[in-house]
Amino acid sequence: MSRQMGDSHRRFLQTMMANGIVDEQGARKLIAHCCEASNTQHNPDKLDDFIETINLKLQPMFMQITKGMSEDSGHQFYALVNMAETDVTRMSSDYADNELELFRKTMDLIVCSEKGNASSTDILNSADTMTTKKLKKSETEHLLNRLVHDKWLNEKRGEYTLSTRCIIEMEPYIRTMYQDQVKVCHICRNIAFQCQICENPTCGIKIHNPCVARYYKGRAEPRCPACDDFWPHEIPEVRRPKSQSRK
């Protein structure tokens with residue numbers, strides 16, 4: 001198959017550069033639109049081949065479109081990743097030094113927490129320990145809103161978690177900086193923050209909620225895939241993309 005970069009690939013890349021991340025369903029629609037606008041043939045079954053063609057051209061620039069999974073829904077996403085910068089300095093063009101310091105502190109709170117989240121109160125308190133210029137409460141709240149808007153954090157009822165974009169783009173940094181705290185999902189082997197944990201003290205494996213849903217679907221009795229103890233947590237249902245939910 002030809003790996004020639006065309007106008008449709010360039011249109012897709014421009015949108016990725018503007019948005020940073022898109023879910024699989026959105027990527028398929030975007031490719032179809034780019035191919036139609038460029039008057040080129042569209043093959044809906046060749047999504048990964050289409051993206052690989054772009055990645056081959058991005059390689060000399062240390063950029064890559066990388067696939068990752070949403071911990072919340074289990075759906076696949078594609079993010080444009082700067083491979084040359086492996087920590088939060090990749091955000092330096094959009095955020096000031098003290099804002100990046102607070103983001104690092106927020107990551108510390110989330111990664112080191114038992115449930116993979118941090119409350120707005122804890123984040124506001126951490127702002128008091130900053131070594132760079134301290135942020136006022138209103139500035140911290142505004143920054144948190146920006147980080148959510150820019151898809152670096154998720155927020156629900158005052159609790160903040162790392163977004164899908166953040167986990168995909170910052171994975172090397174997270175694995176290096178928090179190697180003693182970070183565990184991977186026993187099923188998909190991706191980093192696990194939002195997950196269920198085996199209650200056997202000698203086991204303690206983590207499984208993403210969407211992976212739990214898929215793994216235990218149709219099984220009569222849920223047992224830990226590692227130690228075979230009874231899995232006591234509620235088994236969620238498999239979540240489908242909205243376009244498939246009515247089928």
Side-chain angles (χ1 to χ4, degrees), residues 13-23 58 61-73 77-184 190-195 206:
L13 178 58
Q14 286 172 352
T15 304
M16 287 296 299
M17 291 174 69
N19 295 341
I21 188 169
V22 64
D23 64 17
L58 291 177
M61 295 175 281
F62 302 101
M63 301 287 289
Q64 181 175 298
I65 298 174
T66 303
K67 184 191 291 188
M69 185 192 80
S70 164
E71 290 195 306
D72 179 50
S73 67
F77 281 75
Y78 292 86
L80 182 63
V81 177
N82 184 340
M83 308 299 288
E85 297 176 359
T86 58
D87 61 16
V88 297
T89 55
R90 72 178 69 229
M91 302 161 60
S92 59
S93 60
D94 298 316
Y95 297 90
D97 288 345
N98 57 342
E99 293 175 330
L100 292 179
E101 183 184 1
L102 187 69
F103 179 64
R104 286 191 183 94
K105 288 182 176 296
T106 301
M107 287 187 71
D108 289 344
L109 291 169
I110 293 172
V111 174
C112 298
S113 71
E114 186 176 334
K115 295 183 179 179
N117 58 21
S119 70
S120 55
T121 302
D122 288 339
I123 296 172
L124 287 168
N125 288 339
S126 73
D128 293 334
T129 65
M130 292 173 58
T131 57
T132 52
K133 181 182 177 183
K134 287 184 170 57
L135 294 166
K136 299 176 183 177
K137 180 181 177 182
S138 59
E139 293 173 328
T140 300
E141 291 172 342
H142 177 69
L143 173 60
L144 289 173
N145 288 333
R146 277 183 62 202
L147 289 166
V148 171
H149 178 267
D150 293 345
K151 302 172 187 174
W152 293 109
L153 295 175
N154 293 328
E155 186 273 335
K156 185 182 292 184
R157 293 189 291 274
E159 297 288 336
Y160 291 84
T161 57
L162 299 184
S163 69
T164 304
R165 177 188 184 182
C166 182
I167 294 174
I168 294 175
E169 291 203 40
M170 301 288 187
E171 181 174 355
Y173 173 77
I174 292 170
R175 287 182 181 269
T176 301
M177 291 297 296
Y178 306 102
Q179 53 186 298
D180 294 332
Q181 290 88 7
V182 167
K183 288 190 176 182
V184 299
N190 291 317
I191 291 174
F193 296 115
Q194 305 299 304
C195 56
K206 290 185 173 184

Please check this pair: side chain of [X] against backbone of [Y], looking for a donor-acceptor N/O pair closer than 3.5 Å.
X	Y	result
Gln194	Gly116	yes
Glu99	Ala96	yes
Thr129	Ser126	yes
Arg165	Leu80	no
Thr161	Asn117	no
Lys105	Glu101	no
Ser113	Ile110	yes
Glu155	Arg157	yes
Asn98	Lys133	yes

>> Determine whether Asp150 and Tyr95 satisfy the following criterion, side-chain hydrogen bond (donor to acceptor under 3.5 Å, both in side chains), listing intermediate values before the conclusion.
In response: CA-CA 11 Å; Asp150 293 345; Tyr95 297 90; 2.4 Å; yes
>> The criterion is salt bridge (Lys or Arg N to Asp or Glu O under 4.0 Å); which residues satisfy it with Lys115, sequence neighbours excluded?
In response: none
>> Heavy-atom count check: over 12 atoms from other residues, nucleotides or ligands less than 6.0 Å from Asp97 CG?
In response: no
> Above 12 or not: heavy atoms from other molecules or residues under 6.0 Å from CE of Met17?
Replying inline: no
Are side-chain heavy atoms of [X] and [Y] found at a separation under 4.5 Å?
X	Y	result
Leu102	Met130	yes
Lys206	Phe193	no
Trp152	Leu162	no
Tyr173	Cys166	no

Closest non-hydrogen atom pair between [X] and [Y], with its separation:
X	Y	result
Glu159	Ser119	OE1-N, 3.5 Å
Glu139	Lys134	OE1-O, 4.2 Å
Thr164	Met69	CG2-O, 3.8 Å

